[in-house]
Amino acid sequence: MLHWLSFLGTWTFDPALAAPLGMAAVLYAWGARTVSARHPDSPWSGRKSAYFQLGIALLWVSLQGPIGAFDDTFFWAHMVQHIVLVMVCAPLLVLGAPVLLILRVSSPRLRRRWVVPVLRSRLAFALANPVTTWLLLALVIVGTHFTPFYELTLEHENMHRFVEHPLYLGAALLYFYPLLPGNLAPRRLSPALRMVSLSLMMVPETMTGFFIYASPFVMYPFYAQVHRPFGPGPLADQQLGGALMWAGSMAIDAGWIALAAHEWLLSEARKGRRLDAVHATELLGRSRA
């Protein structure tokens, strides 16, 4: 019990991480307030603001809270950090629709000159390709865990902070952007394709966790040598991290798939109402004739 209290009470503070996270939260809040003041008839959604700020808060906790403080001591903490970054923080930030906020808060000149051309560029169109984004995130998840890259980030703190974390978060943001509602995506995906993509993402996530869990040896020598003030040994620690990745990814992905299914049902309901309205208009016209 004392060990867990010690774990939960250990926090760090890294200005290099705190500054961009704090700036993102402040700029988003300023943008939301500005849009609401300019357009009182269509203010910025409080739900979108809550999603974005929650994503920022979870980023702060996962990177500077107990998980971040012990990610170089326990493999399971490192895996939880990756799960939170990729499967929780990134989709929450996307649900906050920051690109739409930038578009609405920008002046007409800035919008015409920079924002709209970027959104309509070939690069944006390519990055919104669901196949490309799926492959990118799958490559990041599998490649970082089964190559020397992972050990390298453990041995070099700056690579961990400034390469690995942005890589995971960036790939996840690109992946979720065209899949979740409320965003200005160059490619509009059907609800069915969104569900297919989200379901297929379970494959690299769960298989990565399974193979790490099933490994009979410690895959990352760093964790075999690091001092452990408490907790499981190296192999048990690795098995726990693999199990969390294996089971946690399935549970969280199921939630996002349920959201996509909900959006699909709403879309079908809207189509049904439009068709009913058209049929009612046609019937009314025939009756008058």
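Note that these values count all heavy atoms, side chains included, but never hydrogens, waters or copies made by symmetry.
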- Message: According to side-chain hydrogen bond (donor to acceptor under 3.5 Å, both in side chains), does anything in residues 240-258 pair up with another residue at least two apart or in another chain? List the pairs.
- Response: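 Every pair satisfying side-chain hydrogen bond (donor to acceptor under 3.5 Å, both in side chains) with a residue in residues 240-258: there are none.
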- Message: Return the CG to CG distance between Leu93 and Leu85, rounded to the nearest 0.5 Å.
- Response: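 Reported value, rounded in 0.5 Å steps: 10.0 Å.
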- Query: Should Val196 and Leu200 be marked as a side chain to side chain contact (heavy atoms under 4.5 Å, CB included) after you check the CA-CA gap, both sets of side-chain angles, and the distance that decides it?
  - Reply: CA-CA 6 Å; Val196 169; Leu200 289 177; 3.9 Å; yes
- Validation row: Leu63, Arg161 side chains within 4.5 angstrom (heavy atoms):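 Result no, sub-4.5 Å side-chain heavy-atom pair not found.
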- Message: Treating Gln64 as the side-chain partner and Asp14 as the backbone partner, does any N or O pair qualify as donor plus acceptor under 3.5 Å?
- Response: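 Checking the backbone N and O of Asp14 against the side chain of Gln64, a donor-acceptor pair under 3.5 Å is found.
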- Query: Got a sec: does the CZ of Arg113 have more than 12 other heavy atoms crowding it under 6.0 Å?
  - Reply: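 Open: at most 12 neighbouring heavy atoms sit under 6.0 Å from CZ of Arg113.
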- Any donor and acceptor pair, going by atom type alone, linking the side chain of Ser36 with main-chain N or O of Trp44 inside 3.5 Å?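 Yes, because the side chain of Ser36 sits within donor-acceptor range (under 3.5 Å) of the backbone of Trp44.
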- Item | Tyr51 versus Gly96, closest heavy-atom pair with distance |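 Closest approach of Tyr51 to Gly96: CB-N, 4.0 Å.
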- Within-4.5 Å side-chain heavy-atom neighbours: Ile252 and Ile83: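 Touching, per the 4.5 Å side-chain cut-off.
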- Item | Contact check, side chains of Arg104 and Arg38, non-hydrogen atoms, under 4.5 Å |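 Side-chain contact under 4.5 Å: no.
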- Query: Rounded to the nearest 0.5 Å, how far does CG of Leu179 lie from CG of Leu198?
  - Reply: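 Leu198 CG to Leu179 CG: 5.0 Å, rounded to 0.5 Å.
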- Which distance, rounded to the nearest 0.5 Å, do you find between the OG1 of Thr153 and the CZ of Phe162?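 Spacing of OG1 (Thr153) from CZ (Phe162) equals 13.5 Å.
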- Query: When rounded to the nearest 0.5 angstrom, what is the spacing between CZ in Phe146 and CD1 in Ile141?
  - Reply: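 Taking CZ in Phe146 and CD1 in Ile141, the distance rounds to 10.5 Å.
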- Around Tyr213, counting heavy atoms of other residues, nucleotides and ligands shown, do more than 12 lie under 6.0 Å from its OH?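 At most 12 heavy atoms, drawn from other residues, nucleotides or ligands, come within 6.0 Å of this atom.
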- Which atom of Asp41 lies closest to which atom of Pro43, heavy atoms considered: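 Residues Asp41 and Pro43, closest heavy atoms: C-CD, 3.5 Å.
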- Query: Is there a donor-acceptor pair under 3.5 Å between the side chain of Glu151 and the backbone N or O of Phe222?
  - Reply: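 Checking the backbone N and O of Phe222 against the side chain of Glu151, a donor-acceptor pair under 3.5 Å is found.
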- Kindly indicate, with the supporting measurements, whether the criterion side chain to side chain contact (heavy atoms under 4.5 Å, CB included) is fulfilled by Gln81 and His165. CA-CA 9 Å; Gln81 188 179 69; His165 290 160; 3.0 Å; yes
- Assess whether side chain to side chain contact (heavy atoms under 4.5 Å, CB included) is satisfied between Val142 and Thr147, documenting all intermediate values. CA-CA 8 Å; Val142 175; Thr147 66; over 6 Å; no
- Ring-ring centroid check Phe74 Phe230, cutoff 6.0 Å: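 Yes, ring centres under 6.0 Å apart.
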- Message: Regarding Thr144 and Tyr168, do their side chains bring together a donor and an acceptor under 3.5 Å, going by distance alone?
- Response: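 Thr144 vs Tyr168: donor-acceptor pair found between side chains.
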- Message: Is there a side-chain contact between Leu95 and Pro181 in this structure, where contact means two heavy atoms from C-beta onward sitting under 4.5 Å apart?
- Response: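 Of all side-chain heavy-atom pairs linking Pro181 with Leu95, at least one is under 4.5 Å.
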- Query: For Ala260, does its backbone N or O pair with a side-chain atom of Arg194 as donor and acceptor, under 3.5 Å?
  - Reply: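 Not a single qualifying donor-acceptor pair exists.
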- Task: Look only at the side chain of Tyr177 and the backbone of Pro91, and say whether a donor-acceptor pair between them is shorter than 3.5 Å.
- Result: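 No, Tyr177 side chain to Pro91 backbone: no donor-acceptor pair under 3.5 Å.
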- Message: Closer than 3.5 angstrom, by distance alone: can the side chain of Glu164 be matched with the main-chain N or O of Phe149 as a donor-acceptor pair?
- Response: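 Not confirmed, Glu164 side chain does not pair with Phe149 backbone.
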- Do Val163 and Leu139 share a hydrophobic cluster (ILVMFWY, side-chain heavy atoms under 4.5 Å, transitive)?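 Cluster IDs for Val163 and Leu139 differ.
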- Message: Working to the nearest 0.5 angstrom, can you tell me the gap between Met201 CE and Met87 CE?
- Response: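 The CE atom of Met201 sits 9.5 Å away from the CE atom of Met87.
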- Task: Measure across Val86 and Phe176 and return the closest heavy-atom pair with its distance rounded to 0.1 Å.
- Result: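 Heavy-atom minimum between the residues: O-CE1, 3.3 Å.
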- Quick one: closest heavy-atom pair of Phe217 and Gln238, and the distance?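 That would be O-NE2, 2.9 Å.
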- Message: Are Phe52 and Ile56 packed together at the side-chain level, in the sense that at least one heavy-atom pair is separated by less than 4.5 angstrom?
- Response: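 Yes, at least one pair of side-chain atoms sits under 4.5 Å.
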- Item | Spacing of Leu173 atom CG and Leu180 atom CG [to the nearest 0.5 Å] |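 Taking CG in Leu173 and CG in Leu180, the distance rounds to 10.5 Å.
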- Item | pair Leu169-Leu59: side-chain heavy atoms closer than 4.5 Å |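 Yes, their side chains come closer than 4.5 Å.
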- Message: Quick check: do Thr132 and Tyr175 have side-chain heavy atoms less than 4.5 Å from each other?
- Response: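 Heavy-atom side-chain distance check fails, nothing below 4.5 Å.
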- Query: Which residue pairs pass the side-chain hydrogen bond (donor to acceptor under 3.5 Å, both in side chains) test with at least one member in residues 214-226, sequence neighbours excluded?
  - Reply: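 Only His78-Tyr223 qualify under side-chain hydrogen bond (donor to acceptor under 3.5 Å, both in side chains).
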- Within 6.0 Å of NE2 in His262, more than 12 heavy atoms from elsewhere: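 No, because the 6.0 Å sphere around NE2 of His262 holds 12 heavy atoms or fewer from other groups.
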- Task: Could you tell me whether Arg228 atom CZ has more than 12 heavy atoms of other residues or ligands within 6.0 Å of it?
- Result: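 Yes.
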- May I have the step-by-step check of side chain to side chain contact (heavy atoms under 4.5 Å, CB included) for Trp134 and Leu174, ending in yes or no? CA-CA 9 Å; Trp134 189 96; Leu174 289 175; over 6 Å; no
- Would you say the side chain of Lys48 lies within less than 4.5 Å of the side chain of Leu101, judging by non-hydrogen atoms?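 A side-chain contact under 4.5 Å is absent here.
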- Heavy atoms of other groups near Trp114 CH2, more than 12 under 6.0 Å: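 No, because the 6.0 Å sphere around CH2 of Trp114 holds 12 heavy atoms or fewer from other groups.
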- Heavy atoms only: give me the nearest Gly55-Cys89 pair and the separation to one decimal.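 It is O-SG, 3.8 Å.
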- Query: Do you know which two heavy atoms are closest between Asn129 and Val131, and how far apart they sit?
  - Reply: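 Taking every non-hydrogen atom into account, OD1-N, 2.9 Å.
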